[in-house]
Amino acid sequence: MTSIDLLSVMANLVSDAVRGRLALWNREDLAGNIALERPSGKGHGDLSANIALIAAGAAGIPPRDAAALLVEDLRASEELMKLCNSVEIAGPGFINLFLSDGVLSDTASRALAEGTEFGAGVVDKQESILLEYVSANPTGPLHAGHARYAAFGDSLKRILVYAGHQVTTEFYINDYGTQMLNFGRSLAARYAQLCGHEVQFPEDGYQGEYTVHIARLIEQQIGDEMIGHVLPEPDAAAIDFFKQEGCRLVLQDIRAILGRFRVNFDNWFLESSLYGSGAVDEALETLEAAGEVETREGAKWLLTSRFGDDKDRVLIRSSGEPTYFTSDIAYHLQKLSRGFDRLINIWGADHHGYVPRMKAAFEALSHDPQRFEIIIGQLVNVIEMGERKQMSKRAGTMVTLQELLDSIGADAARFFLVERSNDSTLDLDLEKAKLQSEENPVYYVQYAHARICSILRRAAEEGLAAPADTTSVSGEPLAGQERELIMKLAEFPRVVRIAAETRGPQRITTYARELAAVFHVFYHNCPVIRAEPETTVFRLGLCRLTRNVIARSLDLVGVEAPQSM
RNA sequence: GCGCCCGUAGCUCAGCUGGAUAGAGCGUCGGCCUCCGGAGCCGAAGGCCACAGGUUCGAAUCCUGUCGGGCGCGCCA
């Protein structure tokens, strides 16, 4: 069942009414594509159509003349005119619709009847999607950069699911390769230090204080049992041991902290498992069979430049070791084999140069690169003492997700991070964030929700029941603030659809703020409990509906909707 | 040098599959609690939407170029 969507209903009626005229002008194609918008200024009605402006060229007449003809068609449509008080031409040729009170209260009534599912299932075509995000080296705690992608990815998942897609989320754990060996060496060095030995710290090692903490946990388990393997230089067994233990402890921590951030993954996928299962070798064979691999200078190259990449890329080093690229191809082949319609990856901007080669690999294997979508999230910088620093685990300069949660909490952190478009870089000053958290817009929205809950509680105490599935009409004309509120509520299905289509969770936060604002205005102008009995019932219905939509909006970005605060 | 992203109010940012007078929060100034939650509401000030061309009825939005900032350009991941 699809959700009641006033904007689509009206667009369809307009479309039917003008189709014949558009056909005369040889622009029947426009009929399927009528865009009704909320006009900006006052006095322009409730909905506005720009169809005359677009079609005027084809009609060979001035836009306002085209509008006049189209308005005749609209006025001839009984079905449409039942819902409109009037249809007018304004400005350069806009056609403005003034909706009747009846269609507005009816829309509210139907939306309310849908309960908490209003706006759900709005996509045209349902897809099964694998959404991979955060995906980090398990070499340290998650920082604010990961927090951004976590908040974005989890919100996107919620939105896509609500919009009607089937979504599986996955965290890819890069537990293989040189960075992990580096991590193992760093821990071995910390361990030796904890055991009272002076050792040289690896040159590119992980400097952060957290490595001491992890080494201490390991030391508490095993005492100085490993010290023989660590001095004077850690041997292979020691590096492997510390790598494994470190990975285990870090992942434990990552899972816990993501849980606190309300981010839960369906799957955790170990890169190392691709080696164990032979998937990496298979991927290489598949690429070779496709005839896209060449051996040069002792290494095997994938000829990605044939598919738009800047240059060819190494699959197998001259040492015989596969590169990260090869295992990543294996991973994505594995994803495809699980039968998803679409793969979506969220990557940090520092990996964007990697996009063309992965797309090229898809094409080399004759897979449609359209099915493989990569969303780039711009970076997060830490501001300390007015100085910008980049998040770096190796240098140890970072604000961790844990610090973020401890200082401002999950609600403010998620709202703060998701509000910004993923295309913009984000500066994070923790001290400022603490201050800002008190004025965080999330509270503005939550406050509206709590306020409505309070009204509904009060109404119940006074024996006034909010209607559960209908909004009865008082017979009085709707107040301006009621119309504004209903129109804003009616936008919700479209907002969900656009947020899903454009992969833009910030559409939801923006909408939630707008809705809260419209509600606050309604509240200050339209008494609910102290109104005439019939009006009270109607407004209680609007309150319930608004509460449902605010709660759902907040849920779509993983923020709680408190009953009181 | 080449590629990707960004440049909108004093600050932080929405809006960018083209629409009418460009929005919000914070900050500044001035109002509103005998009345359903003042974490709220109302009002004021504040903008050549980086710049220059182009596309068209119409451009913050699309195209080209310039300037400024971020990121990337490994047989690292």
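Just so it is clear, the structure is predicted and the values come from calculations on it, not from any experiment. Chain naming here is simple, since letters A, B, ... match the order of the sequence lines and numbering starts at 1 in each.
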**Request:** Would you mind classifying the nucleic acid contact of A:Asp309 as base, sugar-phosphate or nothing, using non-hydrogen atoms under 4.0 angstrom?
**Result:** nothing
**Prompt:** Are the ring of A:Tyr444 and the base ring of B:G25 both nearer than 5.5 Å at their centres and tilted by less than 30°?
**Reply:** no
**Prompt:** Side chains of A:Phe171 and A:Ile254: closer than 4.5 Å at any heavy-atom pair?
**Reply:** yes
**Request:** Determine the contact category for A:Leu315: base if any of its heavy atoms lies under 4.0 Å from a base atom, sugar-phosphate if only primed atoms, P, OP1 or OP2 are that close, otherwise nothing.
**Result:** nothing
**Item:** Test side-chain contact (heavy atoms from CB on, under 4.5 Å) applied to A:Glu484 and A:Met487, step by step
**Value:** CA-CA 5 Å; A:Glu484 283 300 311; A:Met487 286 306 294; 5.7 Å; no
**Request:** Would you please indicate if the ring centroids of A:Tyr149 and A:Tyr133 are separated by under 6.0 Å?
**Result:** no
**Asked** Contact class for A:Met565 vs. all strands (heavy atom < 4.0 Å): base, sugar-phosphate, or nothing?
**Response** base
**Request:** Among the candidates B:C76, B:C36, B:G40, find the nucleotide nearest to the side-chain atoms of A:Arg451.
**Result:** B:G40
**Asked** What integer number of Å spans the C1' atoms of B:U17 and B:A59?
**Response** 15 Å
**Prompt:** Hey, are the side chains of A:Leu554 and A:Val445 touching, using non-hydrogen atoms and a 4.5 Å cut-off?
**Reply:** yes
**Request:** Return the value, rounded to whole Å, for the distance between atom CG of A:Asp124 and atom C1' of B:U17.
**Result:** 14 Å
**Asked** A:Arg38 CZ to B:A20 C1': how many Å, rounded?
**Response** 15 Å
**Message:** Heavy atoms from C-beta onward define the side chain here; which of B:A77, B:G19, B:C41 lies closest to that of A:His524?
**Reply:** B:C41
**Sugar-phosphate only, base, or nothing, as touched by A:Ala450 at under 4.0 Å among non-hydrogen atoms** = base
**Asked** Using the C1' atom in both, what is the distance from B:G74 to B:A14, to the nearest Å?
**Response** 38 Å
**Message:** What is the separation between atom CG on A:Leu426 and atom C1' on B:A14, rounded to the nearest whole Å?
**Reply:** 14 Å
**Prompt:** Do any side-chain nitrogens or oxygens of A:Arg503 fall under 4.0 Å of OP1 or OP2 in B:U17?
**Reply:** no
**Asked** Does NZ or CZ of A:Arg420 fall inside the cone over A:Phe416's six-membered ring, less than 6.0 Å from its centre and within 45° of the axis?
**Response** yes
**Prompt:** Hey, does A:Cys543 reach any base, or is it just sugar-phosphate, or nothing, if we go heavy atoms under 4.0 Å?
**Reply:** nothing
**Message:** Please report the distance separating the P of B:A60 from the corresponding atom of B:G53, rounded so that it comes out in whole Å.
**Reply:** 14 Å
**Message:** Would A:Ile89 and A:Val71 count as a side-chain contact (heavy atoms from CB on, under 4.5 Å) here? Give the steps.
**Reply:** CA-CA 8 Å; A:Ile89 299 169; A:Val71 162; 3.7 Å; yes
**Prompt:** Taking the C1' atom of each, how far is B:G46 from B:G27, in whole Å?
**Reply:** 11 Å
**Message:** Check this for me, if you would: do A:Glu132 and A:Lys335 make a salt bridge, where the nitrogen-to-carboxylate-oxygen distance has to be below 4.0 angstrom?
**Reply:** yes
Could I get a table of every N or O pair under 3.5 Å where one atom is in the protein and the other is in nucleotides 1-7 of chain B?
unit_1	atom_1	unit_2	atom_2	d
B:G3	N2	A:His352	NE2	2.3
B:C5	O2'	A:Asp423	O	2.4

**Asked** Is the NZ or CZ atom of A:Arg513 both under 6.0 Å from the centre of the six-membered ring of A:Tyr444 and within 45° of that ring's axis?
**Response** no
**Message:** Heavy atoms only, 4.0 Å cut-off, all strands: where does A:Leu53 land among base, sugar-phosphate and nothing?
**Reply:** base
Please list, for nucleotides 10-12 of chain B, all pairs of protein and nucleotide N/O atoms separated by less than 3.5 Å.
unit_1	atom_1	unit_2	atom_2	d
B:U12	O2'	A:Arg420	NH2	2.3

**Asked** Ion pair present between A:Asp309 and A:Lys311, side-chain N to carboxylate O less than 4.0 angstrom?
**Response** no
**Request:** Check the distance between B:G72's P and A:Lys359's NZ and give it to me in whole angstrom.
**Result:** 21 Å
**Message:** Applying a 4.0 Å non-hydrogen cut-off, can you work out what A:Tyr176 is touching in the nucleic acid: base, sugar-phosphate, or nothing?
**Reply:** sugar-phosphate
**Prompt:** Does a salt bridge link A:Arg503 with A:Glu373, judged by any charged N lying under 4.0 Å from a carboxylate O?
**Reply:** yes
**Asked** If we require ring centres under 5.5 Å and near-parallel planes under 30°, does A:His351 stack on B:A77?
**Response** yes
**Prompt:** Closer to the 5' end of RNA chain B via nearest nucleotide, is it A:Pro92 or A:Arg313?
**Reply:** A:Pro92
**Item:** Euclidean distance for C1', B:G58 against B:G43 (whole angstrom)
**Value:** 32 Å
**Between P of B:C26 and CZ of A:Phe415, the distance in whole Å** = 13 Å
**Prompt:** Considering only the C1' atoms, how many Å lie between B:G15 and B:U8, rounded to the nearest integer?
**Reply:** 9 Å
**Request:** Would you mind classifying the nucleic acid contact of A:Thr510 as base, sugar-phosphate or nothing, using non-hydrogen atoms under 4.0 angstrom?
**Result:** sugar-phosphate
**Prompt:** Considering only B:G19, B:A77, B:C73, which nucleotide approaches the side chain of A:Thr178 most closely?
**Reply:** B:A77
**Asked** Taking 4.0 angstrom as the limit, do A:Arg483 and A:Asp46 come out as a salt bridge?
**Response** yes
**Request:** Take the protein atom CG of A:Asp175 and the nucleotide atom P of B:A77, then report the distance between them rounded to whole Å.
**Result:** 13 Å
**Prompt:** Contact class for A:Glu514 vs. all strands (heavy atom < 4.0 Å): base, sugar-phosphate, or nothing?
**Reply:** nothing
**Asked** So, A:Tyr331 versus A:Phe269, ring centres under 6.0 angstrom or not?
**Response** yes
**Request:** Look at all strands and tell whether A:Gln563 reaches a base, only sugar-phosphate, or nothing, counting heavy atoms closer than 4.0 Å.
**Result:** base
**Asked** Between atom CG in A:Leu302 and atom P in B:G74, what is the gap in whole Å?
**Response** 16 Å
**Distance between P atoms of B:G10 and B:C57 (Å, rounded)** = 35 Å
**Request:** Starting at atom CD1 of A:Ile452, determine the distance to atom P of B:G40, rounded to an integer number of angstrom.
**Result:** 15 Å
**Request:** Between B:G23 and B:G47, how far apart are the P atoms? Round to whole Å, please.
**Result:** 14 Å
**Prompt:** Is it true that A:Tyr511 and A:Phe492 have ring centroids separated by less than 6.0 Å?
**Reply:** yes
**Asked** So, is A:Gln506 close to the B:G15 phosphate, meaning a side-chain N or O under 4.0 Å from OP1 or OP2?
**Response** yes
**Asked** Hey, is A:Glu294 close enough to A:Lys300 for a salt bridge, meaning N to O under 4.0 Å?
**Response** no
**Prompt:** Heavy atoms under 4.0 Å, any strand shown: does A:Ile54 hit a base, just sugar-phosphate, or nothing?
**Reply:** base
**Message:** Between A:Glu491 and A:Lys488, does any side-chain N to carboxylate O distance fall below 4.0 Å?
**Reply:** yes
**Prompt:** Touch check for A:Ala349, heavy atoms < 4.0 angstrom, all strands: base, sugar-phosphate only, or nothing?
**Reply:** sugar-phosphate
**Request:** Could you tell me whether A:Ser421 contacts a base, only the sugar-phosphate backbone, or nothing, with contacts defined as non-hydrogen atoms closer than 4.0 Å?
**Result:** sugar-phosphate
**Complete:** Applying the Watson-Crick and G-U criteria (both distances under 3.5 angstrom) with [ ] for crossing and | for other-strand pairs, one obtains for RNA chain B (((((((..((((.....[...)))).(((((.......))))).....(((((..]....))))))))))))....
**Item:** Any A:Tyr447 side-chain N or O less than 4.0 Å from OP1/OP2 of B:C41
**Value:** no
**Request:** Assign A:Pro527 to base, sugar-phosphate, or nothing according to its heavy-atom contacts below 4.0 angstrom with the strands shown.
**Result:** base
**Message:** Is the distance between the ring centroids of A:His44 and A:Phe94 under 6.0 Å?
**Reply:** no
**Asked** Where each residue is assigned the nucleotide of RNA chain B containing its nearest heavy atom, which of A:Ser319 and A:Arg507 is assigned the position nearer the 5′ end?
**Response** A:Arg507
